[in-house]
Amino acid sequence: MPIATSANSIIVLDFETTGLSANQGDRAIEIGAVKLQGGIIVDRFHSLMNPGFRINRFIEDFTGISNNMLKDAPDCKTVMNQFADFIQNSNLVAHNASFDQRFLDAELTHIQRRYNGSFACSLLLSRRLTQDAPSHKLGELVRYHQIKNDGIFHRALADAEATASLWLVLLDSLQHDYGITNPDFSLMKKIAKTPKASIGKLLKTIAI
DNA sequence: TGCCAGGCCCTCTTTAGGGCCTT
């Protein structure tokens, strides 16, 4: 059951990591997050973190985060303890949330911390609500929805801010395109998890 | 030795395979 620390407050987060496999030794190297309340960013969290080993060239090129930048960064334990305090029991949103959830779970397991919030996925929600989008990559959706952006991608805070803007666009779409008044986190999560074949029927039911 | 993520979703499907997403 979703647990909210304050009404309509969610935290949108994004990890940059050493690779795709949290359960095969990959670690987080950057975390960025914004706290959304009433459709406005009211708080931010951002930090690089030193994973304890050198990252490969692909990740350096992909993220723009170099080994030199990580050399003097605080370690994952320090950063993730601070981040665990930041998220507390908030509900969480990420683009392709299963990826970020795996890394959040893995990093918090390393430091024996837990969180009680629930995850929702902007990628799944986008696939339900904007089925005509040419792609559901974050960068493509920013362009598709003409979301204001400084052109920075694959950095944690920039991607978290872009995902937050996307989340608000999808929220607005639910209200104005589908006639659903005051959709909350639980409803958006339900829509995101509903099979595509059933989404039209669900939206009509909710709108009534 | 060789392999190496995992969940969602579609279809030429469901006793499966492959593309899309995340780094």
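Order of the sequence lines fixes the chain letters, A, B, ..., with proteins taken first and strands second; residue numbering starts at 1 for each chain. Note that the structure is predicted; figures quoted are calculated from it, not measured.
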Trainee: At a heavy-atom distance below 4.0 Å, what parts of residues 140-165 of chain A sit against DNA chain B?
Mentor: A:H154, A:D159
Trainee: Rounded to whole angstrom units, what separation is found between the CD1 atom of A:I31 and the P atom of B:dT23?
Mentor: 11 Å
Trainee: I need the CD1-P distance between A:I29 and B:dT23, as an integer number of Å.
Mentor: 11 Å
Trainee: Not counting sequence neighbours, which residues clear side chain to side chain contact (heavy atoms under 4.5 Å, CB included) with A:S198? List them please.
Mentor: A:T194, A:P195
Trainee: With heavy atoms under 4.0 Å as the rule, sort A:D14 into base, sugar-phosphate or nothing.
Mentor: sugar-phosphate
Trainee: Could you measure between the two P atoms, the one in B:dC20 and the one in B:dC12, and give it in whole Å?
Mentor: 16 Å
Trainee: Check the distance between B:dT22's P and A:F58's CZ and give it to me in whole angstrom.
Mentor: 12 Å
Trainee: Evaluate the criterion side-chain contact (heavy atoms from CB on, under 4.5 Å) for residue pair A:E107 and A:V79; output intermediate values, then yes/no.
Mentor: CA-CA 10 Å; A:E107 292 296 343; A:V79 174; over 6 Å; no
Trainee: A:D26 CG to B:dT22 P: how many Å, rounded?
Mentor: 17 Å
Trainee: Who passes side chain to side chain contact (heavy atoms under 4.5 Å, CB included) against A:N68, sequence neighbours left out?
Mentor: A:S66, A:K71
Trainee: Taking only heavy atoms on the protein side, list every residue of residues 44-53 of chain A lying under 4.0 Å from any atom of DNA chain B, sorted numerically.
Mentor: none
Trainee: Nearest-Å distance, CZ (A:F119) to P (B:dG6)?
Mentor: 17 Å
Trainee: A:I59: which other cluster members, linking ILVMFWY side chains closer than 4.5 Å, directly or transitively?
Mentor: A:I29, A:L48, A:I55, A:F58, A:F62, A:I65, A:M69, A:L70
Trainee: Can you measure A:L166 atom CG to B:dT22 atom P for me and round it to whole angstrom units?
Mentor: 11 Å
Trainee: With sequence neighbours excluded, what pairs up with A:F119 under the ring-ring contact (aromatic ring centres under 6.0 Å, His included) test?
Mentor: none
Trainee: Can you pull the salt bridge (charged side-chain N to carboxylate O under 4.0 Å, His left out) pairs that have at least one residue in residues 74-100 of chain A, sequence neighbours excluded?
Mentor: A:D85-A:R113
Trainee: If you measure from the C1' atom in B:dA16 to the same atom in B:dT23, how many Å do you get, rounded?
Mentor: 28 Å
Trainee: Sort and list the pairs that fulfil ring-ring contact (aromatic ring centres under 6.0 Å, His included) and have at least one residue in residues 73-101 of chain A, not counting sequence neighbours.
Mentor: A:F45-A:F83, A:F45-A:F86, A:F99-A:F103
Trainee: Testing the 3.5 Å rule here: is there a donor-acceptor pair between the side chains of A:S90 and A:K35?
Mentor: no
Trainee: With sequence neighbours excluded, what pairs up with A:F15 under the ring-ring contact (aromatic ring centres under 6.0 Å, His included) test?
Mentor: none
Trainee: Between the protein and nucleotides 18-21 of chain B, list the N/O to N/O atom pairs that are separated by less than 3.5 angstrom.
Mentor:
residue, atom, partner, partner atom, Å
B:dC21, OP1, A:H136, N, 2.7
B:dC21, OP2, A:S135, OG, 3.4
B:dC21, O2, A:N96, ND2, 2.9

Trainee: Determine the Euclidean distance between corresponding P atoms of B:dT22 and B:dT15; express it in Å to zero decimal places.
Mentor: 31 Å
Trainee: Give me, pair by pair, the N or O atoms of the protein and of nucleotides 1-5 of chain B that are less than 3.5 Å apart, along with how far apart they are.
Mentor:
residue, atom, partner, partner atom, Å
B:dA5, O4', A:S21, OG, 2.8

Trainee: Would you say the side-chain atoms of A:D26 and A:T18 include a donor-acceptor pair closer than 3.5 Å?
Mentor: yes
Trainee: So which pairs with a foot in residues 129-145 of chain A pass salt bridge (charged side-chain N to carboxylate O under 4.0 Å, His left out), sequence neighbours left out?
Mentor: A:E140-A:R143
Trainee: Out of curiosity, A:R155 CZ to A:E30 CD, how far, rounded to the nearest 0.5 Å?
Mentor: 4.0 Å
